[in-house]
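Reading through the structure tokens given below for one structure.
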Amino acid sequence: MSQHALLSAGTKAWRSLACSRSELRLDLTLGCGQSFRWRETGDGHWTGVMGGRVWTLTQTDDTLWYHTYNSPNTTAEGDGRKRKAGALLQGSKGSGKRSKGVKEQEDEEPVAVTPDPDRKEEDLLNDYFQLKVKLGDLYSEWGEADPHFKSIANIFTGVRMLRQDPAECLFSFICTSNNHISRIQGMVERLCQSLGTPLCQLDQTSYHDFPSLHALADNSVEACLRDLGFGYRARFLQQSARQILDSHSGHQWLQGLRSAPYLQARDALRTLPGVGPKVADCVCLMSLDKACVVPVDTHVWQIAKRDYSCAAGNGQKSLTDKVHREIGDFFRHLWGPYAGWAHSVLFCADLKKFQKLKETPSLKQEEEEKKVKIKVEGEGMGRNKKIRKTCDRKVKKYVKEEEVE
DNA sequence: GACTCACCTTT
DNA sequence: AAGGTGAGT
């Protein structure tokens, strides 16, 4: 039986791409709840389905390594079939610290061993991780505009927005209401395993493609998903799929929203059952190229109040449309055209599972933080106040520009 | 336009 | 009580 690939078993079955940790951190980017399809299958090794194939990804300091698996259904290109089970070096350090472990145990030369004639896989990765967007430059800009961001940025580097398939993103996020990441992951996994095309099996785990629109739209789907523990979301999924297929022209409609202006795309998505402001914004940001969108949930609202003394919705009990708008505008303003990307960094830094990264900062990080603190105390409040004052005016301008986009 | 509550399931 | 939506007031 096939096994999950491990870089420590040798680089023969792997290809690589130059990519530093400051541009991409797999653990944060794949684990922060934007995609629910990736699992850590080995120390620092992430396995998931993307672009209709199964991938394992891992990284060393300046290199992103990738391995894809053959599946019966895919017309196999002669890619690395040699997954030697011989040297299964299982965590030679035996530590649970993943990023550290990888750094220590892997010093291979960043050489692409197996050729990828079409560069098809390289293209897929470049597109999925949007590697042409220079994250380091954006972090600098956000840090300039926002002292609090700067204090987080030293630890949470390389948090990047994925460019996901719109359908997968939409149906995954319909599952997110009243829900948390670990349970959503389980639901999406069950969704794929019961309705998606099987791709391959590795170490007792079977990997499936995300279900097609047709599979999701079938009348039997609601009952099926209720059995799988989807609750009231079961109906939303089936009905949304049905509606996209019937009243819209299927996949083309979803894909087409990539070139539509933000507000238009968001309104279009909101006609679907189970899609409110939060889900629509997530789909816009994570699959429809709307980098400026800041999806607002109760969590982001807390961050706005706690870390930015943002007054938006202060007298409110619940997250109304108005509060959504105000918080979104506030952050769009602070961070600019890639505000949605910046938001995901803060969001990530606030997740319980990543809190341990803050506990043992390296000496270098501590020094950086001291510097930041001094700066923040000097100019922080004044700057925030100023931003808030000019918020309304600038936002109108911003939206206008966007509508023309 | 803005607010409340029921809806599922798990912690 | 939760990382939300939709129907009703």
Side-chain angles (χ1 to χ4, degrees), chain A residues 28-37 156 159 161-162 164 169-191 221-244 263 266-287 293-308 310-329 331 339-355 392:
Chain A
L28 301 178
T29 300
L30 299 178
C32 70
Q34 47 175 327
S35 167
F36 305 98
R37 293 282 271 151
F156 293 88
V159 181
M161 230 46 242
L162 300 172
Q164 301 186 61
C169 189
L170 169 66
F171 291 103
S172 298
F173 275 88
I174 289 177
C175 299
T176 63
S177 69
N178 268 327
N179 221 338
H180 51 268
I181 292 177
S182 61
R183 193 157 84 98
I184 300 163
Q185 281 183 334
M187 287 166 61
V188 173
E189 185 171 317
R190 293 196 291 280
L191 180 71
V221 163
E222 181 181 348
C224 168
L225 294 182
R226 278 193 182 270
D227 287 341
L228 293 174
F230 280 65
Y232 61 94
R233 305 169 196 90
R235 183 199 310 268
F236 291 159
L237 290 166
Q238 191 271 329
Q239 287 185 339
S240 280
R242 180 84 278 150
Q243 189 174 318
I244 292 173
L263 295 175
R266 188 197 54 182
D267 289 346
L269 291 170
R270 284 190 63 174
T271 64
L272 300 169
V275 181
K278 163 64 168 38
V279 171
D281 277 350
C282 284
V283 177
C284 281
L285 171 65
M286 301 174 185
S287 71
V293 177
V294 178
V296 178
D297 52 30
T298 54
H299 196 191
V300 170
W301 192 14
Q302 298 314 312
I303 292 176
K305 287 193 284 199
R306 188 193 64 203
D307 300 332
Y308 294 88
C310 173
N314 251 0
Q316 315 270 33
K317 270 189 183 165
S318 61
L319 212 42
T320 58
D321 272 359
K322 193 184 163 200
V323 182
H324 267 101
R325 229 181 1 257
E326 286 177 6
I327 308 277
D329 290 347
F331 282 124
W341 290 50
H343 136 279
S344 77
V345 179
L346 289 203
F347 188 87
C348 183
D350 235 45
L351 287 174
K352 197 166 281 172
K353 64 168 151 180
F354 293 134
Q355 291 313 297
D392 286 351

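In what follows, chains are A, B, ... by sequence order, proteins preceding strands, each numbered from 1.
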Q) Counting only side-chain N and O atoms of T320(A), is one of them less than 4.0 Å from OP1 or OP2 of dC3(B)? A) yes
Q: For residues C284(A) and L269(A), report the shortest heavy-atom separation together with the two atoms involved.
A: SG-CD1, 4.0 Å
Q.
Is the shortest side-chain heavy-atom distance between L225(A) and R233(A) below 4.5 Å?
A. no
**Q.** Closest listed nucleotide, where the reference is the side chain of V279(A) and the choices are dT4(B), dG4(C), dA2(B)
**A.** dG4(C)
Q) Rounded to the Å, how far apart are R266(A) CZ and dG4(C) P? A) 16 Å
Q: Measure from CG on L319(A) to P on dC5(B) and round the result to the nearest Å.
A: 17 Å
Q. Does the gap between the ring centers of F230(A) and F236(A) come in under 6.0 Å?
A. no
Q: Could you check how far CD of Q302(A) sits from C1' of dA1(C), rounded to whole Å?
A: 12 Å
Q.
By the 4.0 Å heavy-atom rule, please label P273(A) as base, sugar-phosphate, or nothing.
A. sugar-phosphate
Q: Starting from P on dG4(C), measure out to CZ on F171(A) and report it in whole angstrom.
A: 20 Å
Q.
On DNA chain C, does the nearest nucleotide to G33(A) precede the nearest nucleotide to F236(A) from the 5' side, or the other way round? Give the residue.
A. G33(A)
Q) Closest to the T298(A) side chain: dA2(C), dC3(B), dG3(C)? A) dG3(C)
Q: Report the residue (L272(A) or H299(A)) whose heavy-atom-nearest nucleotide on DNA chain C is the more 5′ of the two.
A: H299(A)
Q.
Under 4.0 Å, counting only non-hydrogen atoms across every strand here, what does R233(A) touch: a base, just sugar-phosphate, or nothing?
A. base
**Q.** Base-pairing assignment for dG3(C) (Watson-Crick or G-U wobble, both under 3.5 Å)
**A.** none
Q: Tell me which nucleotide among dC8(B), dG4(C), dT5(C) gets nearest to the side chain of P277(A).
A: dT5(C)
Q | Nucleotide forming a Watson-Crick or wobble pair with dC8(B), both distances under 3.5 Å | A | none
Q) Any idea which of dG3(C), dT10(B), dG4(C) is nearest the R183(A) side chain? A) dT10(B)
**Q.** N179(A) CG to dG3(C) P, straight-line distance once rounded to whole Å
**A.** 9 Å
Q) Is any side-chain heavy atom of F331(A) less than 4.5 Å from a side-chain heavy atom of C310(A)? A) no
Q: For S318(A), answer base if it contacts any base atom (sugar-phosphate contacts may also be present), sugar-phosphate if it contacts only those atoms, and nothing otherwise; contact means non-hydrogen atoms under 4.0 Å.
A: base
Q) So what does I184(A) touch, heavy atoms closer than 4.0 Å: a base, only the sugar-phosphate, or nothing? A) nothing
Q. Is the gap between the ring centers of F36(A) and F173(A) under 6.0 Å?
A. yes
Q: Please examine the side chains of D281(A) and V296(A), heavy atoms only from C-beta on, and report whether any two atoms are closer than 4.5 Å.
A: no
Q.
Please report the distance, rounded to the nearest Å, between CZ in F230(A) and P in dT10(B).
A. 12 Å
**Q.** For atom CD1 of I174(A) and atom C1' of dG4(C), their distance in whole Å
**A.** 12 Å
Q.
What is the separation between atom OH on Y232(A) and atom P on dT9(B), rounded to the nearest whole Å?
A. 10 Å
**Q.** Same-atom distance (P) from dT10(B) to dG6(C), integer angstrom
**A.** 22 Å
Q: Indicate, with a heavy-atom threshold strictly under 4.0 Å, whether V300(A) touches base, sugar-phosphate, or nothing.
A: nothing
